[in-house]
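First, the structure itself, so that you have it in front of you.
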Amino acid sequence: MEIEKLWEEVRELSLGTYSQVERLESPPSPLRFLRDFVSPNKPCIISNATLNWPALSSWTHPSYLSDALSSSTVSVHLTPNGRADALVPNPDDPSSPCFASAHVQRMLFSAALNLISSSSISDSCVAYAQQQNDCFHSEYSALASDVDSHISWATEALGYLPDAVNLWIGNHLSETSFHKDHYENLYAVISGEKHFLLLPPTDVHRMYVRDYPAAHYSYSQDTGEFTLELEKPLRYVPWCSVNPYPSSGDRDRELTSFSLYFNGPKPFECTVKPGEVLYLPSMWFHHVRQSPDDRGLAIAINYFRYQVCILQLLTINSLSIIQFFAGAKDSEGF
C-alpha cells in the first residue's frame with residue numbers, strides 16, 4: 001500500500017487532483033508553453049490554434065481530397081474490428097492474449113477513402129489510414145500547403161522542428177489502445193473529434209505493462225476474411241493490458257484483474273475538435289477513440305518531436321528511481 005500512496009502523491013504534486021486537461025483559448029507564448037507545460041510534462045489543449053489552415057475548410061469538401069490525391073498511393077491498415085496494435089486472443093491459445101498488428105494494404109487514395117468511410121463491423125473489415133514514419137510528407141505531400149509545416153510557438157519553445165508529420169483518417173470504429181510514445185506530440189484535429197484518455201508516466205504501475213507474443217493480421221481480398229498468425233521467430237512486445245471500456249461480459253473480470261487502474265484516480269479526459277491542438281507530452285499513456293464528421297471521417301495531423309528536453313529527462317529519471325524502489329513489488333503491476 002505504501003508504494004501506491006507514493007505514486008498518488010507524486011501525481012497530485014505534479015498535476016493536481018483534477019481529471020480535466022487544461023484548455024487555452026489561444027496559442028500560448030513560447031515562454032509560457034515551455035514553462036507551464038513542456039517543463040512539468042503536462043498536457044494541454046489549445047483552442048483556435050489552426051483556424052488559419054486551409055485544410056479546415058477545403059478538406060471538408062466532398063471531392064477535394066480525392067482530387068488532390070488522385071494519383072497518390074497510400075497505406076491503409078485493415079483489421080476486423082478497428083483496433084490495430086492491440087491485444088486480442090492468441091490464435092494458438094484463445095485463453096491468453098497476443099499483440100496484433102494490422103494488415104497494411106497499399107491502394108489508390110480514392111479507394112482508401114471509400115473503404116474508410118464505408119467500413120463497418122458487419123463487413124468484418126475496418127480501414128484506418130494511420131501509417132506513421134512521416135507519412136504526410138511521403139504519401140500525402142500534395143496536401144502540404146493546406147497545413148503549417150510546424151507549430152511555430154511550439155518549435156520556438158522546444159528549439160527544433162518536428163521530425164515527423166503524420167496524417168490520420170479513420171471512422172467511428174477506429175480505436176487506439178493504451179500506449180505511450182517517447183516523443184513530444186502535437187495533435188491537430190481537422191474534422192470530426194478525437195476522444196483521449198490520458199495518464200501520466202507516474203501511473204505506469206496501473207497500466208499492467210506485460211510482454212505479449214507479437215502477431216499480425218493477413219487479409220484476403222478474395223474471401224474478405226482475416227487470419228491472425230504469430231510472428232516467426234516468436235517476438236514479444238511490451239504492451240498495456242488495460243482496456244478502459246470492457247464489454248459487459250468481461251467487465252467483472254477486467255475490474256478484478258486490473259484493479260489498480262479501475263480503482264485508482266480517473267484518467268484525464270479530453271475531446272479535441274477541429275481547429276484545436278492537443279499537446280501530449282512524451283511518455284504519457286493515451287487511449288484514443290473518435291467521432292466522425294457527417295461524411296463518416298475523422299481526420300487529424302500530428303507532429304512528432306523525437307528529442308526530449310533536459311527537464312523532461314530529469315522527470316523521467318525521477319520516475320525510474322521510483323520504479324526501482326517499486327521493483328520489489330510483484331510484477332503484476334508492471
Side-chain angles (χ1 to χ4, degrees), residues 55 58-88 99-144 146-147 164-177 179 181 187-194 214-229 231 237 287-304:
S58 61
W59 290 11
T60 60
H61 293 170
S63 63
Y64 180 85
L65 290 175
S66 294
D67 290 345
L69 297 165
S70 59
S71 60
S72 297
T73 300
V74 300
S75 302
V76 181
H77 291 228
L78 306 179
T79 63
N81 51 25
R83 296 189 293 275
D85 296 339
L87 300 181
V88 301
F99 173 80
S101 299
H103 174 86
V104 181
Q105 184 77 40
R106 298 276 293 171
M107 62 182 72
L108 286 172
F109 176 77
S110 57
L113 194 65
N114 181 65
L115 188 59
I116 294 167
S117 61
S118 63
S119 289
S120 68
I121 288 293
S122 61
D123 295 332
S124 298
C125 181
V126 179
Y128 191 10
Q130 59 167 18
Q131 187 74 5
Q132 299 186 45
N133 301 319
D134 203 31
C135 73
F136 188 67
H137 292 138
S138 60
E139 298 188 352
Y140 301 96
S141 58
L143 302 174
D146 292 342
V147 303
V165 183
N166 301 307
L167 179 65
W168 308 73
I169 307 177
N171 62 27
H172 67 290
L173 297 171
S174 307
E175 183 175 318
T176 304
S177 62
H179 70 288
D181 299 310
Y187 203 97
V189 172
I190 307 296
S191 70
E193 297 180 349
K194 295 278 186 170
H216 64 271
Y217 285 111
S218 296
Y219 179 70
S220 170
Q221 291 182 310
D222 293 333
T223 64
E225 295 180 352
F226 285 92
T227 57
L228 180 65
E229 298 179 347
E231 291 187 8
V237 176
H287 180 283
V288 192
R289 297 199 295 183
Q290 45 202 341
S291 299
D293 59 19
D294 55 9
R295 300 168 300 165
L297 301 174
I299 306 177
I301 292 277
N302 87 301
Y303 300 81
F304 267 145

Q) Do you know which of Tyr303, Phe304, Tyr140 makes side-chain contact (heavy atoms from CB on, under 4.5 Å) with Val165? A)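 Checked Tyr303, Phe304, Tyr140 against Val165; only one passes side-chain contact (heavy atoms from CB on, under 4.5 Å): Tyr303.
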Q: Report yes if the side chains of Tyr64 and Leu143 come closer than 4.5 Å at any heavy-atom pair, otherwise no.
A: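 In contact.
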Q | Rounded distance (nearest 0.5 Å) linking atom CG of Asn302 with atom CD of Gln130 | A |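 Here the interatomic distance stands at 11.5 Å.
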Q. Taking the side chain as C-beta and beyond, is there a heavy-atom pair between Leu113 and Leu297 under 4.5 Å?
A.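 Yes, side chains in contact.
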**Q.** Heavy-atom closest pair, residues His103 and Tyr219
**A.**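 Minimum heavy-atom contact is ND1-N, 3.4 Å.
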Q | Check: Ser174 side chain, Asn171 main-chain N or O, donor-acceptor pair, under 3.5 Å | A |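 Pair found, side chain donor or acceptor close to backbone of Asn171.
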Q: Answer whether the closest heavy-atom distance between the side chains of Val76 and Met107 falls below 4.5 Å.
A: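 A side-chain contact under 4.5 Å exists here.
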Q. Should the heavy atoms of other residues, nucleotides or ligands under 6.0 Å from CG of Asp67 be counted, would the total exceed 12?
A.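 Atom CG in Asp67 is crowded, with more than 12 foreign heavy atoms closer than 6.0 Å.
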Q. Quick one: does Ser218's side chain get under 4.5 Å of His216's, heavy atoms only?
A.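 In short, these two side chains touch, coming nearer than 4.5 Å.
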Q: Go through the structure and list residues passing ring-ring contact (aromatic ring centres under 6.0 Å, His included) with His179, not counting sequence neighbours.
A: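 His179 satisfies ring-ring contact (aromatic ring centres under 6.0 Å, His included) with Trp239, His286 only.
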Q.
Side chains of Glu225 and Ser220, heavy atoms from C-beta outward: is any pair under 4.5 Å?
A.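 In short, these two side chains do not touch, never coming nearer than 4.5 Å.
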Q. Does any pair with a residue in residues 105-118 pass salt bridge (Lys or Arg N to Asp or Glu O under 4.0 Å), and if so which ones, sequence neighbours excluded?
A.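 Qualifying pairs, neighbours excluded: Arg106-Glu139.
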Q | Student check: side-chain heavy atoms of Thr79 and Tyr128 closer than 4.5 Å | A |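 No, side chains not in contact.
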Q. What's the spacing between Ile190 CD1 and Asp293 CG if we round to 0.5 Å?
A.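 Output value for this atom pair is 11.5 Å.
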Q) For Ser101, does its backbone N or O pair with a side-chain atom of Asp85 as donor and acceptor, under 3.5 Å? A)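 No; judged by distance alone, with no hydrogens or angles, the pair does not exist.
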Q) Between atom CD of Gln105 and atom OG of Ser75, what is the distance when rounded to the nearest 0.5 Å? A)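 Interatomic distance, Gln105 CD to Ser75 OG, rounded to 0.5 Å: 9.5 Å.
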Q | Nearest heavy-atom neighbours spanning Ala298 and Gln290 | A |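 For Ala298 versus Gln290, the nearest heavy atoms are CB-OE1, 3.4 Å.
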Q) Given side chains that start at C-beta, do those of Leu69 and Val74 come closer than 4.5 Å, heavy atoms only? A)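 Of all side-chain heavy-atom pairs linking Val74 with Leu69, none is under 4.5 Å.
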**Q.** Inter-residue atom distance Glu193.CD - Arg289.CZ, 0.5 Å rounding
**A.**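 The CD atom of Glu193 sits 13.0 Å away from the CZ atom of Arg289.
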Q | Spacing of CD belonging to Gln131 relative to CG belonging to Leu167, to within rounding of 0.5 Å | A |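 So the CD of Gln131 and the CG of Leu167 are separated by 11.5 Å.
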Q) Where is the tightest heavy-atom contact between Ala102 and His77, given as atom of each residue plus distance? A)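 Taking every non-hydrogen atom into account, CB-CB, 3.7 Å.
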**Q.** Partners meeting ring-ring contact (aromatic ring centres under 6.0 Å, His included) with Phe136 (sequence neighbours left out)
**A.**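 Testing Phe136 for ring-ring contact (aromatic ring centres under 6.0 Å, His included), a comparison that skips the adjacent residues, returns none.
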Q.
Once rounded to the nearest 0.5 Å, what's the spacing between atom CG of Asn166 and atom CD1 of Ile301?
A.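 Answer for the CG-CD1 pair, Asn166 versus Ile301, is 8.0 Å.
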Q | Name of the residue among Leu65, Thr73, Asn114 meeting side-chain contact (heavy atoms from CB on, under 4.5 Å) with Phe109 | A |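 The option that passes is Leu65.
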Q) Is there side-chain contact between Phe226 and Cys125, with at least one heavy-atom pair below 4.5 Å? A)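 Counting from C-beta outward, Phe226 and Cys125 do come under 4.5 Å.
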Q.
Can you give me the closest heavy-atom contact between Arg295 and Ile299, atom names plus distance?
A.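 Of all heavy-atom pairs spanning Arg295 and Ile299, the closest is NH2-CD1, 3.8 Å.
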**Q.** Smallest separation among heavy atoms of Leu78 and Ala127, with atom names
**A.**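 Distance-wise, the nearest heavy atoms are CD2-CB, 3.6 Å.
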Q.
Minimum heavy-atom separation for Val237 and Ala214, please, with both atom names.
A.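 That would be CG2-CB, 3.9 Å.
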